[in-house]
Amino acid sequence: MEYPFEKIERKWQTKWSEEKLFQAKTDKDKKKYYVLSMFPYSSGALHMGHVSNYSIADALTRYYLMKGFNVFQPMGYDSFGLPAENFAIVNNTHPQTATEDNIKIMRGQFDRVGFGFDWSKELSTSRPDYYRWNQWLFKRFYDKGLVVRKKAYLNWCEECQTVLANEQVEDGSCWRCDKQVVQKEMEQWFLKITDYAEELLDFSKVIDWPERVKTMQTNWIGKSVGTKIHFPVPDTDQVIKVFTTRPDTIFGCTYMALPPEHPLVVKWLEKDKDKPGYFNIKEFCEKTINTDRIERTSEDSPKEGVFSGHYCINPVNKEKIPIWITNYVLMDYGTGAVMAVPAHDHRDFAFARKYDLPMRIVIQNIEKDLDIRTMQEAYVDEGILVNSKQFDGMNSEASKKAITDRMEQEKTGEAAVTYKLRDWGVSRQRYWGTPIPIIKCDKCGTVLVPDEDLPVELPFEVEVGKTRQNPLTLAKEWLNVQCPSCGGDAKRETDTMDTFVDSSWYYARFIDTHNREEPFSKQKADYWLPVDQYIGGIEHACMHLMYARFFHKVLRDIGLLSSDEPFARLLTQGMVIKDGAKMSKSKGNVVEPLYMIDRFGADTCRVFMLFASPPDKDVDWNDEGIMGAFRFLNRLWRLVDSNADIIKQYAPKASEVPDNTLKDLRYSTHFTIKKVKEDIEERMQFNTAIAAIMEHLNNVTALKEPASLSENEKAVFSEACVVIPRILYFFAPHLAEELWEMCGNESMVHEAGFPEYCEKHIQKDTINYVIQIKGKVRGRITVPADTPDEEIKKQALEAENVGRYIEGKNVKKVVLVKGKLVSIVI
RNA sequence: GCGAAAGUGGUGAAAUGGCAGACACGCUGGAUUUAGGAUCCAGUGGGAGUAAUCCCGUGGGGGUUCAAGUCCCCCCUUUCGCACCA
């Protein structure tokens with residue numbers, strides 16, 4: 001009843017594996033196509049999102065394989081990280097054991113779906129032969145000055161007991177466990193991604209990335225161009241530098257705003273103990289620093305502050321202005337100081353009104369004169385300068401440059417650029433990650449582990465989860481080492497690397513997984529990279545994808561490869577949705593891929609996932625929907641199964657048959673080839689390609705009793721059937737191979753290549769024209785394809801049902817759209 | 001608040017400015033019996049009509065055009081991202 005998918009799928013999976021079909025070899029004479037799906041976390045189970053993602057990638061892999069490309073589609077596991085450690089704690093096992101077990105399970109599941117992965121290049125980031133190169137690269141970054149150790153206020157997750165990068169904080173909560181993140185001052189290792197901020201803004205070297213992702217990264221990097229202005233503190237050698245995008249408002253600056261973390265404020269807190277108001281200031285600073293970051297930086301939290309008792313000098317007019325300590329200035333943006341211009345900035349306005357600080361209008365609105373006494377809000381738009389001495393009368397735009405130029409001459413300021421992007425803190429206070437290859441020696445300070453001592457392996461014998469502490473700090477044998485420099489007693493760095501380091505260059509390791517001498521050979525990198533098509537979820541737009549671009553550029557700059565970008569084309573695939581929500585255990589709407597494969601086969605699952613919606617949109621899973629895909633494959637099976645003899649005998653003869661035999665079916669055959677090719681290559685839209693194949697199958701099965709056809713007709717029928725495996729291969733590869741064999745072929749489908757269509761079979765000799773009158777369809781005619789334009793128009797005017805609309809009316813114009821319609825204007 | 005994307009039948013969705021709803025699900029009626037989540041046939045946006053045919057219809061309102069789901073302007077809704085960024 002149902003086609004024997006289980007037997008078929010096992011048979012062809014074995015065959016592909018035996019033939020090493022997907023094992024890629026570096027071959028300069030062949031055009032390469034590197035397809036990569038974001039590798040999964042080693043959770044131990046594939047979910048529908050994976051099946052959807054990998055079905056897209058596999059379709060492309062097999063399509064380009066058929067087209068004769070040297071395709072490469074590797075797979076591996078992102079296997080370091082907190083969940084494994086937490087799992088191990090709960091289940092009283094070891095993260096390594098749990099991870100390796102999970103990988104075995106997942107590999108088994110992958111095999112069931114039959115994806116064309118090159119398993120000879122498999123990697124797993126938690127294995128020393130991978131993470132030793134994390135350490136090696138960390139050292140190269142260090143040598144280049146891209147690793148720094150800084151003290152900073154960092155996002156700390158109490159639940160996970162670790163620091164998080166800004167990118168890993170979502171709405172103030174940990175991206176892993178959802179617990180509120182707190183601020184904690186710590187010393188950390190940072191990678192200087194900000195050194196590459198400018199280049200990361202440049203997307204000219206990628207071929208095709210979604211605009212959305214480019215915009216998200218651009219906003220995240222947050223470049224702004226402005227001026228740095230120096231405000232000296234009288235009677236000291238202190239200078240407060242501020243960054244502003246509005247130097248045109250400098251004459252309106254009536255106070256200086258500093259955050260409590262500002263070094264000057266910290267200094268004052270130490271030495272001003274006897275000054276009046278000290279207690280107040282100290283209390284305010286402590287309260288503000290301890291306020292939750294989200295609460296403090298939320299736009300609608302009230303602006304508060306306290307006068308510091310100190311003043312500074314506005315360099316343009318030498319005015320003495322008070323310095324306020326405030327809760328609305330951030331230490332880690334710009335210079336950590338703001339020149340407050342209440343008349344022209346919303347925040348400063350609110351603050352000045354609250355504390356009754358002076359305001360001065362220096363930008364006049366061209367349309368409506370501003371008046372301090374009546375202003376309800378700051379005027380933040382640009383305008384004409386007033387109260388600005390020699391700059392009066394200039395417009396904002398011109399004055400920005402003029403004022404900055406003047407400051408540069410007087411050495412009181414300079415043009416400057418700042419970014420929102422912060423350096424990437426990579427230290428994690430947890431066990432299950434790459435050890436940072438650093439030794440701390442009391443005598444020599446920070447010493448790098450020599451290359452020949454890499455990898456620094458994670459000690460296996462640790463007490464994971466016994467305390468809240470990082471187990472590495474308790475692993476005495478591992479922790480205590482000799483300093484490589486002086487030979488004295490020293491200790492290892494116990495922080496491990498953020499797992500995003502692992503995924504920042506794995507696409508490059510894949511091309512040379514087993515290289516023991518270097519992370520990958522440059523020669524191979526220059527052939528295989530960049531990845532031609534990268535596929536994964538949008539959630540990585542500002543994290544993984546940006547880190548990987550950063551890494552790639554550094555790899556280039558240290559001479560390991562030559563390309564500028566890691567991923568030439570990026571597809572962000574949608575999520576799998578069920579009952580209006582993302583599948584998740586907590587919602588109880590999870591569909592297990594293995595259950596579906598058991599019931600309907602891997603091919604049906606793939607076809608359904610690809611058919612349900614275009615790849616970049618969410619897929620709506622519904623249990624009825626998959627039946628449609630299953631019925632389609634069954635109908636196809638029955639067609640070939642019951643006509644195999646005819647197809648075997650007559651398929652080779654199709655090209656010799658007169659063109660007019662079963663013309664419509666022939667048209668369907670060749671048109672479908674064209675449609676599938678264009679949908680994949682030009683639009684990467686698999687749902688319409690599959691719909692076209694379904695439609696073609698409907699056309700073929702509309703022909704009843706093929707056995708009673710004439711010889712020529714049998715040949716055309718056979719051609720129509722035998723083409724299907726070749727255009728279905730990348731969606732339902734197992735069934736396609738089987739059908740192809742049933743049709744009498746000994747080769748595998750990809751060897752036959754993607755079929756060519758014949759232009760002459762998709763030419764129609766009669767054409768249907770729609771006749772529109774005032775934009776509405778009022779009739780139709782069928783004319784021979786070679787009918788002259790004038791004749792078509794003439795016939796259109798005479799057509800049935802048209803007469804009653806144009807009778808007695810003046811026909812002003814007749815528009816002919818060749819091959820489509822005639823529009824009559826009356 | 002700022003920015004981006006989207007809004008089409010009962011459902012998932014199709015439509016280089018050119019017949020809106022391909023393909024599929026679901027549903028209705030019929031055939032068949034092997035009673036399976038089977039197969040086959042017919043129908044299926046709303047309304048009027050025996051029918052030919054006609055009217056209405058792509059979130060709402062304007063506009064451009066012989067012709068608009070598609071292009072332009074305004075508005076509404078939803079989703080996503082950013083959010084005191086000086």
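To find a chain, count down the sequence lines: A is the first, B the second, and so on, and within it residues start at 1. Worth saying up front: this structure is predicted, and the values here are computed from it rather than measured.
- Ring-plane geometry between A:His540 and A:Phe500 is classed as perpendicular, the angle between the planes exceeding 60 degrees on a 0 to 90 degree scale with a lower cut at 30.
- Rounded to a whole Å, the CG atom of A:Leu610 is 15 Å from the C1' atom of B:A13.
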Reading 5' to 3' through nucleotides 80-86 of chain B, protein heavy-atom contacts under 4.0 Å coded B for base, S for sugar-phosphate only, - for none: SSSBBBB

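- Rounded to whole Å, the separation between the C1' atoms of B:C72 and B:A68 comes to 11 Å.
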Base-contact (B) and sugar-phosphate-only (S) positions in nucleotides 33-48 of chain B, heavy-atom cut-off under 4.0 Å, - elsewhere: ----BSSSS-------

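- For A:Tyr355, the ring-ring contact (aromatic ring centres under 6.0 Å, His included) test picks out A:Trp324, A:Phe351, with sequence neighbours left out.
- Contact annotation: the side chain of A:Met546 approaches that of A:Leu421 to within less than 4.5 Å [non-hydrogen atoms, C-beta and beyond].
- Note that the CG atom of A:Leu816 and the CD atom of A:Glu790 stand 8.5 Å from one another [nearest 0.5 Å].
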Starting at the 5' end of nucleotides 54-62 of chain B, put B wherever the base has a protein heavy atom under 4.0 Å, S where only the sugar-phosphate does, and a dash everywhere else. SSS------

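- When the side chain to side chain donor-acceptor pair (under 3.5 Å) test is applied to A:Trp220, the partners found at least two apart in sequence or on another chain are A:Glu167.
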Every protein N/O lying under 3.5 Å from an N/O of nucleotides 69-72 of chain B:
none

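- Within residues 814-826 of chain A, the residues approaching RNA chain B are A:Val815, A:Val817, A:Lys820, A:Leu821, A:Ser823, A:Val825, by heavy-atom distance under 4.0 Å.
- Sequence order on RNA chain B of the closest nucleotides to A:Gly775 and A:Ala612 puts A:Ala612 first from the 5' end.
- With C1' as the reference atom, B:A48 and B:U34 are 46 Å apart, rounded to whole Å.
- Comparing B:A22, B:G3, B:A13 by their closest approach to the side chain of A:Thr215 singles out B:G3.
- The gap from the C1' atom of B:A5 to that of B:U53 amounts to 42 Å, rounded to the nearest Å.
- Residues satisfying the side chain to side chain donor-acceptor pair (under 3.5 Å) test with A:Lys812, not counting sequence neighbours, are none.
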Below 3.5 Å is the cut-off: list the nitrogen or oxygen pairs between protein and nucleotides 29-32 of chain B, distance only.
none

In dot-bracket form, how is RNA chain B paired, counting a Watson-Crick or G-U wobble pair only if both its distances are under 3.5 Å and using | for bases paired to another strand? (((((((..(((.....[....)))((((((.......))))))((((....))))..(((((..]....))))))))))))....

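- Scanning for side chain to side chain donor-acceptor pair (under 3.5 Å) contacts around A:Tyr3 gives an empty result, with sequence neighbours left out.
- Residues satisfying the side chain to side chain donor-acceptor pair (under 3.5 Å) test with A:Tyr805, not counting sequence neighbours, are A:Arg778.
- Across all strands shown, A:Gln772 has heavy atoms under 4.0 Å from base atoms, whether or not it also approaches the sugar-phosphate.
- A distance of about 14 Å separates the P atoms of B:G45 and B:U11, rounded to the whole Å.
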